[in-house]
Amino acid sequence: MRQMKDSGIPWIGAIPHEWSVRKVRNIARRKTDKNKPDEQVLSLYRELGIVIKSERDDNFNVTSENTDNYKFVEIDDIVVNKMKAWQGSIAVSSYQGIVSPAYYVYRIVSPGIYPWYVHYMLRCKAYLPEYRRLSGGIRLGQWDLSDDNFKSIPLPIPNTYDEQVRIANYLDSKCAQIDYIIEKQEAIIERLKEYKLSVITEAVTKGLDPNVEMKDSGLEWIGKTPAHWKVCKLKYLFAEGDNGLKIGPFGSAIKGKALEDGPYKIYNQAHLIENDFSLSRHYVSEETFIELSNYAVKPGDVLFSMMGTVGKCQIMPDGYPDGIMDSHLLKARLNEKIIPEFFVYAYDKDLSYQVITQLLYKSNGTIMNGLNSSLLKNVVITVPPISEQKQIVLEIADKARRIDSIIGLIHNKVEKLREYKNTLIYEVSTGKKEV
């Protein structure tokens, strides 16, 4: 059993007795503008859209047309996203190319240091809290890790180059095996999600009775539907008057009035997309709530996302604080022709294909980046009798619950594999597990 000693690094703990501890500044130097490629090379990168990609983990993509300030990256350079290092956005590059000014680029200059051992050490999950601690605060919602603070980070270093290579190669092999299993499990999850979508789509457009008389709906994205069902534009399913369909207030109506805490909540797209109305976002005062009472949301209202993520809707549930919707939502109150639960199954893009396929069809196959009330009113769905809607909702809920249960089990397995991978990297890269 190898002899261990205290590394002096709280988040690392014991390391092999013969290892040393060195700070990043002692093994690497930051590359400056003097290291940039000449204009001819930059021009070629702009034309080709060169990608910096690490085979071990991260991808760094050229995302801006203006690459004048981009930094040249060579094979074995350490690339650090200074605003996202605390999330693990750091890696050694396997390729030559350019990265944006949001990244620091370092070159290993100390002899006897294998870059890919440093790669695993810096990406060890034990370091993430330290990156966060050293970051200088939040700017535009992102932490900013300074060059000096990054270079002050201590790393345990095996005393021989061969051991560093052996550790990196071992982790390459083991992590590749784990990633392969994770990839296969995630593929199963995606197939189950697709199956769930198809089950729900079939139920809300064809019904539950395979022997029912069918008719042509007249709509390419729906096809045949039960003969006794109606094909209906959404505007005929909304309640009459201003409460039937309401677009959120202009952003200027809320700007400057949002509070970190208060009696009335502002509901936004995140609550829909994450299906979690408990998320703490922003609030308004009682005075503002009364002023914007036309935009109040109540249990049973159907809320729609307007911008970015189009095709999402959720029923406002009971038991949450009173509040208003923001400028990126629409709300609808349904009439007696349809129950909210069936409506959501028929509309939401993550539950059935019916509406999102239609929106894609109307926008020539491209994802819409915005939805307005006129467009929403003219979306078409199939509508069975109320009694049948209730039966379909019960059947879908039962099947979806069983599918979600299987997905949950596989997801837990994937999380355990990721946890095992993180533990393995920590134990091997710090010498606690000898290879």
Side-chain angles (χ1 to χ4, degrees), residues 190-191 193-208 212 214-239 244-248 269 272-273 275 301-316 325 328-386 388-389 392-393 395-397 399-400 403:
E190 289 306 309
R191 287 198 295 272
K193 288 179 178 178
E194 290 173 5
Y195 173 65
K196 178 181 171 181
L197 275 169
S198 66
V199 166
I200 297 174
T201 303
E202 182 78 7
V204 297
T205 59
K206 313 297 181 188
L208 304 176
V212 71
M214 304 292 283
K215 68 178 180 183
D216 186 357
S217 68
L219 303 169
E220 182 178 337
W221 55 87
I222 293 178
K224 290 187 175 182
T225 194
H228 64 289
W229 287 24
K230 293 181 179 179
V231 177
C232 194
K233 290 184 177 180
L234 297 191
K235 63 183 177 181
Y236 299 116
L237 302 175
F238 297 148
L245 182 64
K246 188 78 172 177
I247 192 170
Q269 287 191 130
L272 272 64
I273 295 167
N275 191 22
D301 286 350
V302 180
L303 303 178
F304 302 86
S305 60
M306 284 181 59
M307 301 296 294
T309 305
V310 174
K312 286 295 298 178
C313 76
Q314 292 285 352
I315 303 169
M316 180 64 198
M325 60 181 173
H328 289 168
L329 294 182
L330 290 125
K331 68 171 180 176
R333 292 177 187 166
L334 304 175
N335 60 30
E336 71 284 351
K337 296 177 183 177
I338 194 165
I339 60 175
E341 294 80 7
F342 181 87
F343 183 94
V344 171
Y345 279 131
Y347 183 94
D348 191 277
K349 74 179 182 68
D350 293 326
L351 298 176
S352 75
Y353 294 115
Q354 184 176 193
V355 169
I356 194 63
T357 302
Q358 183 179 166
L359 293 175
L360 288 170
Y361 181 87
K362 288 188 174 183
S363 57
N364 297 318
T366 60
I367 297 293
M368 290 180 172
N369 60 7
L371 184 68
N372 57 51
S373 57
S374 296
L375 181 59
L376 183 62
K377 287 177 182 178
N378 289 293
V379 166
V380 177
I381 63 171
T382 51
V383 182
I386 290 291
E388 211 168 332
Q389 291 179 38
I392 290 171
V393 165
E395 182 70 15
I396 288 175
K399 288 185 177 180
I403 296 169

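These numbers were taken from a predicted model, which means no experiment stands behind them.
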L237 and I381: CA distance, side-chain angles, deciding distance, side chain to side chain contact (heavy atoms under 4.5 Å, CB included) verdict
CA-CA 10 Å; L237 302 175; I381 63 171; 3.7 Å; yes
For M306, which of L330, L376, N372 qualifies under side-chain contact (heavy atoms from CB on, under 4.5 Å)?
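It is L330; the other options fail the test.
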Rounded to the nearest 0.5 Å, what separation is found between the NZ atom of K235 and the OG atom of S373?
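Spacing of NZ (K235) from OG (S373) equals 11.5 Å.
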For the CG atom of D350 and the CD atom of Q314, what is their distance to the nearest 0.5 Å?
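Between atom CG of D350 and atom CD of Q314 there are 8.5 Å.
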Between E190 and K193, does any NZ, NE, NH1 or NH2 come within less than 4.0 Å of an OD or OE carboxylate oxygen?
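Yes.
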For residues F238 and K246, determine if any side-chain heavy atom of one lies less than 4.5 Å from a side-chain heavy atom of the other.
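With C-beta onward as the side chain, the pair stays apart.
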Any side-chain heavy atom of K349 within less than 4.5 Å of one from V355?
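In short, these two side chains do not touch, never coming nearer than 4.5 Å.
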Has the side chain of [X] got a donor or acceptor atom that lies under 3.5 Å from a matching backbone atom of [Y]?
X: D348; Y: C313; answer: yes
X: Q358; Y: W221; answer: no
X: K377; Y: K233; answer: no

Indicate the atoms forming the closest heavy-atom contact of [X] with [Y], along with that distance.
X: P384; Y: I392; result: CG-CD1, 4.1 Å
X: L334; Y: P340; result: CD1-CA, 3.6 Å
X: I200; Y: Y345; result: CG2-O, 3.8 Å
X: Q389; Y: I339; result: OE1-N, 2.9 Å

Residues which pass side chain to side chain donor-acceptor pair (under 3.5 Å) with K196, listed by chain and number, not counting sequence neighbours:
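Counting only residues at least two positions away or on another chain, K196 forms a side chain to side chain donor-acceptor pair (under 3.5 Å) with D404.
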